[in-house]
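Numbers here simply count residues along the sequence, with the first being 1. Note that the coordinates shown come from a computational prediction; the quantities given were computed from them, not determined experimentally.
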Amino acid sequence: MLLYLDNCSFNRPFDDQTQLKISLESQAKLFIQYEIQNGRFGLLWSYVLEYENNKNPFELRRDSVISWKEVAIKHIEESEGIIAFGQSLMKRGVRLYDALHVACAYFGGCDCFITVDKGLLNKSINEIIIKNPIDFIRELEG
């Protein structure tokens, strides 16, 4: 199973862990990464992840996220198809970076897009499965 984790999911463990929902999402995301490292899942890396991550002002966070580039089994670069699909998602109300992340995951052949972004999770995007890490684990484990 090929997964795409967006920047907000990669950065979730750096958020305020005193909030239960954030803490649970962090634990679920860390479990997913553990399973990626163990070969249960594959990870797709994209040029959008790298670009957005490079803009992060916190060095520790940047370094933590970029380290997953080497773990990824597949990398996807910008293409006309990604840009066009991203633009179509933006017309449906999806923000620029979110649209490009989803487009990369779709064109990269991902089975699931993992995010903690409520706005994105509430959008109607039928082209790819989009899950919160908690819901992904819940469905995975039955």
Using residues 119-126 as the side-chain source, report each donor-acceptor pair under 3.5 Å to any protein atom, sequence neighbours left out, with the distance given to one decimal.
from, atom 1, to, atom 2, distance (Å)
Asn122, ND2, Lys118, O, 3.1
Lys123, NZ, Gly93, O, 3.2

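- Taken together through direct or relayed side-chain contacts under 4.5 Å among Ile, Leu, Val, Met, Phe, Trp and Tyr, Tyr34 and Ile32 form parts of separate hydrophobic clusters.
- Taking CZ of Arg40 as the reference point, atom CE of Met1 lies at 8.5 Å (rounded to 0.5 Å).
- Using a 4.5 Å cut-off between side-chain heavy atoms of Ile, Leu, Val, Met, Phe, Trp and Tyr, with links allowed through other members, Ile129 and Leu2 fall into different hydrophobic clusters.
- The shortest distance between side-chain heavy atoms of Phe10 and Leu49 falls below 4.5 Å.
- Linking ILVMFWY residues whenever their side-chain heavy atoms come closer than 4.5 Å, directly or via other members, leaves Phe136 and Leu30 in distinct clusters.
- For the atom pair Ile36 CD1 and Ile73 CD1, the distance stands at 9.5 Å (nearest 0.5 Å).
- Pairing each heavy atom of Arg12 with each of Gln17, the nearest pair is O-NE2, 3.1 Å.
- Counting heavy atoms from C-beta on, the side chains of Tyr51 and Glu78 never come closer than 4.5 Å.
- At a threshold of 4.5 Å between non-hydrogen side-chain atoms, the residues Asn7 and Asn53 count as touching.
- When hydrophobic clusters are built by joining Ile, Leu, Val, Met, Phe, Trp and Tyr residues whose side-chain heavy atoms come closer than 4.5 Å, directly or via intermediates, Leu43 is grouped together with Tyr47.
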Please tabulate, one pair per line, all N/O donor-acceptor pairs under 3.5 Å involving side-chain atoms of residues 99-107, not counting sequence neighbours.
from, atom 1, to, atom 2, distance (Å)
His101, ND1, Tyr4, OH, 2.6
His101, NE2, Glu52, OE1, 2.5

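- Going from atom CG of Asp111 over to atom NZ of Lys131 covers 13.0 Å, rounded to the nearest 0.5 Å.
- When atom types are taken as modelled, the side chain of Ser64 and the backbone of Leu60 share no donor-acceptor pair closer than 3.5 angstrom.
- Inter-residue side-chain proximity for Asp6 and Tyr97 is flagged as unmet; no heavy-atom pair is nearer than 4.5 Å.
- Sorted by first and then second residue, the side-chain hydrogen bond (donor to acceptor under 3.5 Å, both in side chains) pairs involving residues 67-77 (not counting sequence neighbours) are Glu50-Lys69.
- Counting heavy atoms from C-beta outward, Cys110 and Ile128 have side chains that approach closer than 4.5 Å.
- We find the CD1-CG distance between Ile22 and Asp15 to be 5.5 Å, quoted to the nearest 0.5 Å.
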Applying side-chain contact (heavy atoms from CB on, under 4.5 Å) to Asp98 and Leu89, what does each step give before you reach the verdict? CA-CA 9 Å; Asp98 293 337; Leu89 290 171; over 6 Å; no
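- Under the 4.5 Å side-chain heavy-atom criterion for Ile, Leu, Val, Met, Phe, Trp and Tyr, Phe85 and Leu96 are members of the same hydrophobic cluster.
- Ile134 and Lys21 get closest at one heavy-atom pair: CD1-O, 4.3 Å.
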Carefully, step by step, assess Leu140 and Glu35 under the rule side-chain contact (heavy atoms from CB on, under 4.5 Å). CA-CA 12 Å; Leu140 187 71; Glu35 294 294 345; 5.9 Å; no
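- Remark: Ile76 CD1 to Ile82 CD1 distance equals 4.0 Å, nearest 0.5 Å.
- The shortest heavy-atom contact between Leu44 and Gly108 is CD2-CA, 3.8 Å.
- Other residues, nucleotides and ligands place more than 12 heavy atoms under 6.0 Å from the CD atom of Glu141.
- For the pair Lys29/Leu5, a side-chain contact is recorded, criterion being any heavy-atom separation below 4.5 Å from C-beta on.
- Residues Ser9 and Ile114 approach most closely at OG-O, 3.4 Å, considering heavy atoms.
- The side-chain heavy atoms of Asn56 and Val65, taken from C-beta on, include no pair separated by under 4.5 Å.
- Distance check: Thr115 OG1 to Asn132 CG gives 8.0 Å after rounding to the nearest 0.5 Å.
- No donor-acceptor contact under 3.5 angstrom links the side chains of Gln87 and Lys91, judged on distance only.
- With Asp16 contributing its side chain and Thr18 its backbone, the two residues share a donor-acceptor pair below 3.5 Å.
- Contact of the Cys112 side chain with the Phe41 side chain is not registered, since no non-hydrogen atoms from C-beta on lie closer than 4.5 Å.
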